[in-house]
Amino acid sequence: MSTNATALDKRLKRFAAKVAERIDGTVAALQSAAQEAQTSDGAGATKLSHFVDATCRLLEQRSDDDVLAGAGYAVDAAAQSCAPAMIWWVRRGGSLVERSHSVDPEADSFYDYAAMRWFKAARTDCRPTLSGPFIDTWGSDDYTVTVSVPVAVDGQSWGVLAADVDVRRFVDALAADLRAMRAPVALVNEADRVVVSTVPSLSTGLPIRPRGTRDDRAVERRRHPVSDYGWSVVVLDS
Amino acid sequence: MAAPQTSDILRSVIFTPFEYGGRTKAIVERLRNAVALDVFKDGDQLPPEPELAAQLGVSPVTLRDALALLREAGLVETKRGRSGGSFVRRSAYEPVEHGRAQLRELSPVDLRDLSDWRISVAAAAAALAAERASDEEVDVLQVHVDSFANAADAAAARRTEGRLVIALATASQSLRHTRAAVESVVDYGPLLSVAYQSADLRARVAECHAAAGAAVRDGHAADAAVAIRAAGLLVAVELANYAADLSAEAAK
């Protein structure tokens, strides 16, 4: 491998580590909020209420972190044999506002969180999960990356705690590092969807290849994983 | 603490200021759609009249007229006193009657225009989705396609198709298409409650949806758009015929 390629690999690796660090920070905040909520009260009757304060405090404590757009908790209705329930806080200017979601399956605007990756994958895989970028209809109504952690007590699933990342701000914060790459590079999610790239036509949300052409035998790309979140930094064909 | 807010797109569609005449009726229509779409739940209190009037960009008098019509229809109940205000009564909402009333109001040209717009929105989203959807999104689309095929009544068909159209728009990775899809679900929903009473129509539309789902999965943009357009046209023709029958009935 040439010296140039090695230098690029180093930069890719450093970039991947930086992204992972950013996500790790949010995961840690969610996990400590989960801890706080679980120890706040022994009674299990009103599990949702434990998390109302914890998620609100999480956003208050990180008020200087403007990449964090919102946070909340959704009850594992199937495991708890109860009705779906969810609490969500969003930042509006300087204050926090509760965002309501329709959790009535009969409603046209039903927010089926149990079917969404941020809930489903976190619960099934029992580990911190990174979802997006996706357009969160009936939710944030904008491009969203969601970081989520499962909450389980004595092996029994309670629900999922999650935080929304403001994708535009997140991408802006990475722009300078990307420019320094001086190569066609993209940060992609587990489905090879662009989070941010150095190629102007490959903007946030686009797949690096259209669906119809995905079976083409592409050269195995140089790739650096972003910790074990499923995201990676890839070198694109120039 | 401020009251919980629903989806921003939904709110902005519902609370867009009216620019032309017939405002009272238009507001009744909009608020009825808001009830239909669960923006307001049963027993929810509407914002105070001055605030609501300002949000909708109409005079308090116009809003009061609209609320009176909604009260007559049983969709709103007004209580006096300290804990008074206007409350939503969702149980009084009758989707089919709402759709029939809309059909009576629309001229054939306006109905065609509304149908064309709805079809264009969904077809364009389907074409983009065929290029841009992830495998996970394709699986979600398939769930909605199957739910529609299994829908046992008009309400379930309307609901599941709305989810399919919005899922296509989000898979298209376009915020504007998503907004347009939500708007079309709001504006066309009551008409679908009428059209999808026909099990035969539901079955024929389900076939188109299945073809569209397969085309998106295979990455065939043009086929996806054609299939979604075909589904929309079947509904548009059904509604045009239904509207003609209604006006023939009225002429008797």
Side-chain angles (χ1 to χ4, degrees), chain A residues 52 56 70 86-90 92-93 95-112 115-117 120-121 131-144 167-168 188-194 203-216, chain B residues 1-12 33-34 36-39 41-42 44 90 95 128-140 143 155-156 158-160 162-163 166-167 169-175 177-179 181-182 185-186 189 192 215-221 224:
Chain A
V52 174
C56 187
M86 181 168 166
I87 169 77
W88 201 267
W89 300 98
V90 290
R92 281 279 175 282
S95 55
L96 295 179
V97 180
E98 190 190 334
R99 158 62 62 82
S100 73
H101 294 76
S102 181
V103 291
D104 170 12
E106 297 291 296
D108 289 47
S109 59
F110 174 44
Y111 188 74
D112 189 10
M116 298 182 74
R117 179 183 157 86
K120 201 169 147 189
S131 308
F134 64 102
I135 298 175
D136 191 20
T137 329
W138 314 124
S140 76
D141 294 329
D142 201 350
Y143 261 120
T144 302
V167 177
R168 292 165 211 273
V188 297
N189 75 0
E190 73 289 344
D192 270 356
R193 168 161 288 161
V194 173
S203 47
T204 303
L206 293 184
I208 54 177
R209 276 169 179 281
R211 279 196 76 75
T213 63
R214 253 172 244 175
D215 290 336
D216 295 358
Chain B
M1 190 64 61
Q5 292 188 353
T6 47
S7 144
D8 281 344
I9 292 184
L10 190 56
R11 284 183 75 85
S12 62
N33 283 342
L37 282 168
D38 199 32
V39 175
K41 294 192 178 45
D42 196 45
D44 266 7
R90 201 157 181 253
L128 282 176
E131 290 173 11
R132 299 174 175 176
S134 66
D135 291 346
E136 201 176 337
E137 283 167 337
V138 168
D139 291 343
V140 169
V143 168
R158 185 197 70 230
R159 208 158 48 222
T160 51
R163 286 172 194 162
I166 290 170
T170 56
S172 83
Q173 304 299 316
S174 162
L175 289 166
H177 271 127
T178 304
R179 190 194 153 95
V182 170
V185 165
V186 171
L192 290 179
V216 170
R217 184 179 294 277
D218 295 341
H220 297 154

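Quick note on labels: first sequence line is chain A, next is B, and so on, each numbered from 1. Any value given below was found using the heavy atoms of this structure, including those in side chains, with hydrogens, waters and symmetry copies removed.
Here the OG1-CG distance, from B/T178 to A/D142, works out to 10.0 Å after rounding to the nearest 0.5 Å. To the nearest 0.5 Å, atoms CG (A/N189) and CD (B/E136) are separated by 9.0 Å.
In this structure, chain A has a heavy atom under 4.5 Å from the side chain of B/R163, while its backbone stays farther away. Residue contact with chain A, scored on non-hydrogen atoms closer than 4.5 Å, is absent for B/V140. Looking at B/A221, neither its backbone nor its side chain comes within 4.5 Å of chain A, counting heavy atoms on both sides. The contact between B/S174 and chain A is made entirely by backbone atoms, counting heavy-atom distances below 4.5 Å.
Checked against side-chain hydrogen bond (donor to acceptor under 3.5 Å, both in side chains), B/D218 has no partners two or more places apart in sequence or in another chain. Applying the side chain to side chain contact (heavy atoms under 4.5 Å, CB included) rule to A/A115 yields the partners A/D112; only residues at least two apart in sequence or on another chain are considered.
Of the possible donor and acceptor atoms, one in the side chain of A/Y143 sits under 3.5 Å from a partner among the backbone N and O of B/Q173. Of the possible polar contacts, none joining the A/R211 side chain to the B/A129 backbone as a donor-acceptor pair under 3.5 Å is found.
Looking at B/E137 and A/R193, a side-chain N of the basic residue comes within less than 4.0 Å of a carboxylate O on the acidic one, giving a salt bridge.
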